[in-house]
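Okay, so here's the structure we're looking at.
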Amino acid sequence: MSFAACKGKSKSTKCKIKTAPRSCGGRFCTPTFHFCFLTMPEETERKTLDQRQQMTELERIRHSAAHVLATAILRIWPDAQFAAGPPVENGFYYDVELSHRITPEDFAQIEAEMKKEIKANHTFERQTVTRNEALELGTKGRLGALSERATPSKFKLDIIEGIPEHETISLFQNGDFLDLCAGPHVMRTGNIGAFKLTHVASAYYKGDERNPQLQRIYGTAFKNKTEMEAYFTMLEEAKKRDHRKLGRELELFIFDEDVGPGLPLWLPNGTVLIEELEKLAKETEFAAGYQRVRTPHLARENMYLTSGHLPYYAESMFPPMILRQEGPLHPLLDKQLKELDHEATELAKLVLTKEKLGAIAEQARITGDNPSTVIAAELETIKAVDVAQMIRDIAMRRLASSMLQGALLDEPEHYYLKAMNCPHHHKLFGAVQRSYRDLPLRLAEYGTCYRYEQSGELFGLMRVRSMQMNDAHIYCTEEQFEAEFNAVNEMYLKYFATFGIDKYLMRFSTHDPSKLGQKFVDQPELWKKTEEMVRNVLKKSGINYVEVPNEAAFYGPKIDVQVWSAIGREFTIATNQVDFAVPARFGLTYKTKENTEATPLCIHRAPLGTHERFIGFLIEHYAGNFPLWLAPEQVRVLPIGDEEPLINYSKEIVAELRAQGVRVESDFSSDHIKAKIASAEQKKVHTMLVIGNRDLEANNVSLRVHGKGNLGAKPRNEVIADLLQAIKERRA
RNA sequence: GCCAACGUAGCUCAGCUGGUAGAGCAGCUGAUUCGUAAUCAGCAGGUCACGGGUUCGAAUCCCGUCGUUGGCUCCA
């Protein structure tokens, strides 16, 4: 498994959960995985005018809303300088330079001006101009403005500079507001059915920190009020389901300053989730013919040099642990150094008294200076220039000897925390003689990895620095590849069914043949073959997928798996990658039927992603109301009152469930039954067994399920049998 | 990493323009013996993230550090 640093300028929210994954020109990194290992960063390509015309209706509305926003800001602050105002995933923004610092308190006033502009229902008039005309308008401050102004439209002028010679330059005007803009827009300002400003942020012009910092005003817009309300309702629901909030309330995990940022600690309730997921993965993988392995959390530098991770992505790894090796001086050097010291001392004696020398030696001992250097300095002060020079020479030679000594010693050893498991697994493949009979070999491990994410990237469980990955590497022959890849996809679908994920998308990333040898390993035949195989598998299995050209990993095509939570938010949780390059770097081979050596293909796969991210997703998906099999507290027994027979009956039920491996607790507090129920509901305990005297007499329990209320009294044995069955089949 | 905002009891938050900290829930103790979302009372809980500074006096103002959150060109 591989990873990459999201380096360069745009390393930001693209990789965050809230933003849909998209082309990031080789910087496409999912929140869990940085799988674009060895995918070289490249410049973002400029959008063509044709591409811009493909804006959806909603994007046009939002882009137009950005212009209306600018119009409104100018009405209030006429000297505002505008940069870019595109539609974005959930709305739009406009970057503005303005001495007044806009705060959410200003929103009402700005929105009022925007409403006026929408009510005026101005058309968006397009006109094309020559480069010179555009420059002139910019110089007069007319672009991104309501009228000509004393100061030029500096950002607009800069943007014009960036437009290629052959491209048409267009302007859009709504009312007084004239803007340099490639469009497209809606017909009239009145077509913006509903909008709202949401927040302010700062952003560098063109995202470059050397450029001035602008205020970025964010808003969203929709065709109509109903759609906008649905959006805000979804946001509120997301807030209620925020995994950080629920994680604290349900005591799933914590972060601790002393442990470090991005390093989650799992409380017992959260650990239940982890262990249930591992149980699921282990069962599923065992059935699919995987073998489990275990590897250490760190390794020597050399392995990551072999894998190719270190030369490119050291930044994304925790800095190395350095094992210093301080050995004795090399005998020859020791002798040479002693001679030099002697020489220096003899020379010094020519001009310095014994007492003075003693004092200097003592001083050097205290300060840790080289005595030769100190003596040289001392001689300097007493003008014994020639002798000083000679001694300085000796000091220099002494220094050179010390450096030589350093070079002769072994380099200090470096160990790195692993950022991925694949190199370790490759080592396991290579450790034993392999024959074609051993393939496919499927090595699975819930491996713990560490990645040094930038502090600004950390986000709850979604972006962490330590993670446990549902990892496995399948080593197979080309002939086996299709079946293996298909089996992996089948596994995904099975998991989706288990978790009630009904919306998903597989993004199939392929290579660009023109970039063979640069961005992609130069094996055109293998690319063609593996891509075709992956495509076949996807087509045949009827899996929902899209093909994304030019985004494959360096070593092979890949699939990123996007899923949508119950409230429709998108998460990128997992990946599959074909790797026909790295096994060769590790010299992995197997004996073929013809008794020749061949290098296996490798499939990296992690359907459940990492515990951190997957559980973060599940918390939102279930709003913390986990199905029985996952629920940290599956059952709570609540006796009505504390009479001894009732308590005994309750304890019997608890013991019986516990003996069957059910996570059951009891509430024998002196609270009234209503209070006991309230606290169990609040903790989202899945099943409550309320037990009163009526139940005791009939050998019943009163069943209450979280979120479903009272389901009435039922025979004890029936309820217990059904609980066990539901857990066993991981019923939703 | 950079910019910004935020950091008060376990949790959610109050604490005005500076006058040495407060509520609800949770916790503990006691009473209450109750049939499906909160019985009552009492007690205990804080170096106001940390470190400096200004001031007679700082949770409050200033600076720094740490942490959290939002943002950091899907371009005119």
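Side-chain atoms are counted along with the backbone in the values below, which use heavy atoms only and exclude waters and symmetry mates. In the text below, chain A, chain B and the rest are named by the order of the sequence lines, each starting its count at 1.
A:Leu98 and A:Gln215 make their closest contact through O-NE2, 3.1 Å (heavy atoms, listed as atom of the first residue, atom of the second, distance). Taking each heavy atom of A:Leu267 and A:Glu251 in turn, the nearest pair found is CB-O, 3.3 Å. Residues A:Phe232 and A:Lys196 come closest through the heavy atom pair CZ-CD, 3.5 Å.
B:U47 sits 12 Å from B:U8 when the C1' atoms are compared, rounded to a whole Å. On the C1' atoms, B:G22 is 13 Å away from B:G45, given to the nearest whole Å.
Side chain to side chain, A:Tyr649 and A:Asp695 fail the donor-acceptor criterion of an N or O pair below 3.5 Å.
Comparing A:Gly262 and A:His67, the nucleotide of RNA chain B nearest to each residue sits closer to the 5' end for A:Gly262. Between A:Val88 and A:Glu681, the residue anchored nearer the 5' end of RNA chain B, judged by the nucleotide with its closest heavy atom, is A:Glu681.
B:G24 is paired with B:C11 under the criterion used here, namely a Watson-Crick or G-U wobble arrangement in which both key atom distances are under 3.5 Å. The partner of B:C2 is B:G71, judged by Watson-Crick or G-U wobble contacts that both fall below 3.5 Å. Under the Watson-Crick and G-U wobble criteria, each requiring two contacts below 3.5 Å, nucleotide B:U17 is left unpaired. The base-pairing partner of B:U39, taking Watson-Crick or G-U wobble contacts with both distances under 3.5 Å, is B:A31.
Against the 90° criterion about 0, the sugar-base torsion of B:G52 places it in the anti range.
Atoms CG (A:Asp642) and C1' (B:U39) sit 15 Å apart, rounded to a whole Å. Atom P of nucleotide B:U68 and atom CZ of A:Phe255 are separated by 8 Å, given to the nearest angstrom. B:U36 atom C1' lies 9 Å from atom CG of A:Leu638, rounded to whole Å.
Close to B:U12, at under 4.0 Å from its OP1 or OP2, lies a side-chain N or O of A:Arg248. For B:U69, the OP1/OP2 oxygens have a side-chain nitrogen or oxygen of A:Arg244 closer than 4.0 Å. For the OP1/OP2 pair of B:C72 and a distance below 4.0 Å, the side-chain nitrogens and oxygens of A:Tyr218 include at least one atom meeting the criterion.
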Open item on the list: Between A:Ile192 and A:Met114, is the side-chain contact (heavy atoms from CB on, under 4.5 Å) condition met? List the steps.
Closed with: CA-CA 10 Å; A:Ile192 302 165; A:Met114 289 175 73; over 6 Å; no
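Side-chain N/O atoms of A:Asn693 and base N/O atoms of B:G35 include no donor-acceptor pair closer than 3.5 Å. One can find a donor-acceptor pair under 3.5 Å joining the base of B:A37 and the side-chain atoms of A:Arg704.
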